[in-house]
Amino acid sequence: MTLAKTVPEPSGPRKIGSVNVVDPETGKNLAELPVLTGSVGADTIDVRTLNGKTGMFTYDPGYTGTASCESKITYIDGDKGELLYRGIPIEQLAEHSDFLEVCHLLLYGELPNATEKDHFEKGVTYHTMLHEQINFLFRGFRRDAHPMALMVGIVGALSAFYADSSNVEDAEQRAIASYRLIAKMPTIAAMAHKWSLGQPFVYPRNDLGYAENFLHMMFAVPCEPYRVSPVLARAMDLILILHADHEQNASTSTVRLAGSSGANPFACISAGIACLWGPAHGGANEAVLKMLEEIGSYDQIHEFIARAKDKDDQSRLMGFGHRVYKNYDPRAKIMRKTCHQVLDELGVHDEPLLKIALELEKIALDDPYFVDRNLYPNVDFYSGIILRAMGIPRRLFTAVFAVARTIGWIAQWSEMHTDPSQKIGRPRQVYTGETRRDFVPLDQRG
Ligand code: SDX
């Protein structure tokens, strides 16, 4: 089965003008730099010739104002709170699509027709099993190891088992690796859960849908049949759609940087998983639930918010704020609605954490500290409440995020390999350390 299809290739931004770098003392024009534009969003100044023309670099810690690449995959309008996957609004995909369709859209640029959908689903389904020897790798981990430690280790180790899809120069091998990673991530995440419980691994089933299969591997036991609730399977499918891709966020940029050296896809995704783990990024969903549990009750909310505002206190309102969104994260709106649906389905009507989260959001959004800084709920604020209600342990939340984001990482990694302008990523620095000085022998040191 030939899996390789055409991944839309970057076409190069369009030049619309130029800006001059002028010496403020002499008025001399040091450099003329092109201004580039895309199909939507901010124009950019092409600084690739700046150092050659002026000997200077740009300085941008955290890349807050830097475009690291051209991409056709995802677009965010932070001011409007808009998120588009290949131009389609996340709200429409959440309502009408499913995760594997979204995977096809992100990877190949279009929603699949019926034939393409069947082919893609089969391509993923028949890659969900792992090489049997990988089971033994789990035995090297403590039962109480954090699931993300297992995800980083096991996914990185896949390159030792699937060397036939590790040649990044071969489009067919990149396609097979893409299918393998999309397909095997739920299997690995579920195995990490079973490993922590001391329960036997549950094999994937080819008769189940993607999200249904994941929940079945998570919660089934060999002793009796297990039926996944269709409402929970749909909720999981929706959570995967909402987390699938998000422009050049920290973990995607990590995958691109690792990929720029020619590293194999499994190593690149393992690097992305490691970056996602951080509490400022994908680890925030776990941190939100921990925060809600620590707040514990309505009457503690105001005290916690005061701490989150206090510069001398390390606390932050987890699940709030975003580097790009200066409006409500559209994913959080959908997640909040899904919360109510899942809790209703489960017959959970007085979920205290949801009540605290809703009150916390209400109070924060009336508070000038958060309003003045454009701090709104992000994707992580409500997701943990849903996952917890579905019976997923808090320490596995970020692993679920990694399962979803694998398609985004793979789509961005694949796009990078088709981009003629891409080269190994190698940022520069502003050096403020010691200038050249000589070695001092030990007996002459102070
Ligand atoms: C994800 O990039 C992506 O797209 C990521 C993501 C994706 O899909 O890939 O959307 C997923 O990572 C969502 C974010 C999850 N993280 C959290 O919820 C952790 C809590 N949020 C913050 O740590 C913070 O908001 C960040 C890290 C998300 C964004 O930080 P920025 O853009 O670097 O903003 P900043 O740290 O410069 O903050 C600006 C101001 C500061 O105050 P002042 O110095 O101006 O007085 O806002 C304050 C910050 O102290 N601030 C917060 C806050 N977030 C920012 N104050 C209290 N609580 C917060 N959550």
Side-chain angles (χ1 to χ4, degrees), residues 60-68 71 73-79 81-85 90 94 102 106 148 239-256 272-292 295 301 303-335 357 360-361 363-365 367-385 397-398 400-409 411-412:
D60 185 15
Y63 311 113
T64 56
T66 294
S68 61
S71 181
I73 299 171
T74 294
Y75 174 71
I76 302 168
D77 184 322
D79 295 328
E82 180 179 59
L83 170 58
L84 309 176
Y85 287 169
I90 190 70
V102 167
L106 290 170
M148 287 298 275
I239 286 171
L240 297 174
I241 290 174
L242 295 176
H243 287 81
D245 192 47
H246 215 236
E247 289 191 2
Q248 306 312 315
N249 57 84
S251 54
T252 298
S253 299
T254 301
V255 170
R256 277 181 173 261
I273 295 169
C275 177
L276 186 74
W277 193 357
H281 190 14
N285 52 19
E286 180 179 346
V288 166
L289 215 70
K290 196 167 168 213
M291 172 186 76
L292 294 174
I295 291 174
I301 292 177
E303 181 195 332
F304 185 84
I305 286 188
R307 284 178 51 201
K309 291 156 56 175
D310 180 356
K311 290 302 166 207
D312 297 328
D313 190 310
Q314 291 300 313
S315 304
R316 282 203 155 183
L317 194 44
M318 299 312 281
F320 255 70
H322 199 276
R323 172 63 54 77
V324 177
Y325 288 121
K326 300 312 169 191
N327 200 326
Y328 213 107
D329 184 334
R331 302 169 296 177
K333 282 183 187 168
I334 299 166
M335 209 67 86
L360 189 58
E361 174 189 338
I363 295 169
L365 294 186
D367 186 311
Y369 173 92
F370 295 94
V371 174
D372 295 348
R373 291 169 177 80
N374 297 307
L375 302 175
Y376 292 86
N378 60 49
V379 68
D380 294 304
F381 191 63
Y382 287 103
S383 57
I385 296 171
F397 290 179
T398 310
V400 173
F401 194 152
V403 167
R405 186 51 57 88
T406 294
I407 178 56
W409 291 330
Q412 301 273 350

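When a ligand or atom number is given, it counts from 1 through the structure's own listing order.
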* Structure fact -> among protein heavy atoms, the one nearest atom 6 (C) of ligand 1 is H322 NE2, 3.7 Å

* Calculate, to the nearest 0.5 Å, the distance between atoms CG and CE belonging to L289 and M318 respectively. => 12.0 Å

* To do: Using protein heavy atoms only, decide if any is under 4.0 Å from atom 20 (C) of ligand 1.
  => yes

* For the pair H281 (side chain) and S251 (backbone), establish whether a donor and an acceptor sit closer than 3.5 Å, ignoring hydrogens and angles. => yes

* Any idea which part of H243 is under 4.0 Å from ligand 1, heavy-atom wise: side chain, backbone, both or neither? -> neither

* Asked: Do any N/O atoms on G319 end up under 3.5 angstrom from N/O atoms on ligand 1?
  -> yes

* Asked: Heavy-atom distance from atom 9 (O) of ligand 1 to the protein below 4.0 Å?
  -> yes

* **Heavy-atom gap V324 to ligand 1 smaller than 4.0 Å** => no

* Structure fact -> of all protein heavy atoms, closest to atom 45 (O) of ligand 1 is R373 NE, 3.6 Å

* Under 3.5 Å donor-acceptor, N327 side chain and G78 backbone -> no

* Mark yes or no for whether R373, through its side chain, and Y369, through its backbone, hold a donor-acceptor pair below 3.5 Å. => yes

* Applying a 4.0 Å heavy-atom criterion (strictly less than), which segment of R323 is in contact with ligand 1: side chain, backbone, both, or neither? -> both

* **R331 heavy atom under 4.0 Å from ligand 1** => yes

* Asked: Nearest protein heavy atom to atom 4 (O) of ligand 1, by residue and atom, and its distance?
  -> H246 ND1, 2.6 Å

* If you have a sec, work out which protein heavy atom is nearest atom 27 (C) of ligand 1 and how many Å separate them, to one decimal? => A280 O, 4.0 Å

* Asked: Side chains of S383 and N285: donor-acceptor distance under 3.5 Å anywhere?
  -> no

* **ligand 1 atoms in contact with A308 (distance to a heavy atom under 4.0 Å)** => 57 (C)

* Look at ligand 1 and say whether F381 reaches it with a heavy atom at a distance under 4.0 Å. => no

* Main-chain N/O of W277 paired with T398 side-chain donor or acceptor, under 3.5 Å -> no

* Pair Y325 + H246: ring centers closer than 6.0 Å -> yes

* To do: Give the ring-plane orientation class for F401 versus H243, where under 30° counts as parallel, over 60° as perpendicular and anything between as tilted.
  => perpendicular

* Structure fact -> CD1 (I239) and CE (M335) are apart, to the nearest 0.5 Å, by 5.5 Å

* Are any of the N/O atoms in A250 less than 3.5 Å from those in ligand 1? -> no

* Any non-hydrogen protein atom below 4.0 Å of atom 43 (P) of ligand 1? -> yes

* **Heavy-atom nearest option to atom 59 (C) of ligand 1, drawn from L276, V288, L317, L83** => L317

* Which atoms from ligand 1 have a heavy atom of A284 less than 4.0 Å away? -> 15 (C), 16 (N), 17 (C), 18 (O)

* Over all heavy atoms of both residues, which pair between I90 and P330 is shortest? Give the atoms and the distance, please. => CG2-CB, 4.1 Å

* Hey, what do you get for CD1 (I273) to OG1 (T254), rounding to the nearest 0.5 Å? -> 11.5 Å

* Looking only at protein heavy atoms, identify the closest one to atom 12 (O) of ligand 1 and say how far it is in Å. => H281 ND1, 2.9 Å

* Between A332 and P377, what is the shortest heavy-atom contact and its length? -> CB-O, 3.8 Å

* **Distance (rounded to the nearest 0.5 Å) between Y75 OH and L83 CG** => 11.0 Å

* Asked: To the nearest 0.1 Å, how far is atom 56 (N) of ligand 1 from its closest protein heavy atom, and which atom is that?
  -> Y369 OH, 2.9 Å

* **K311 and ligand 1 - part of the residue with a heavy-atom distance under 4.0 Å** => side chain

* Ignoring hydrogens, just give me the one of D380, N378, I76 whose non-hydrogen atom is nearest atom 1 (C) of ligand 1. => D380

* To do: For atom 53 (C) of ligand 1, state which one of D313, L375, V379 supplies the nearest heavy atom.
  => L375

* What residue and atom, counting heavy atoms only, is the protein's closest point to atom 28 (C) of ligand 1, and at what distance? -> G321 O, 3.7 Å

* Is R316 close to ligand 1, meaning an N/O of one under 3.5 Å from an N/O of the other? -> yes

* Asked: Hey, what do you get for OG (S71) to CD (Q412), rounding to the nearest 0.5 Å?
  -> 4.0 Å

* Compute the minimum heavy-atom distance from E247 to ligand 1 and say whether it is under 4.0 Å. => no

* Structure fact -> So CZ of F304 and CG of D313: to nearest 0.5 Å the spacing works out to 8.0 Å

* Structure fact -> Closest to atom 2 (O) of ligand 1 by heavy-atom distance, out of N249, D245, L242, is N249

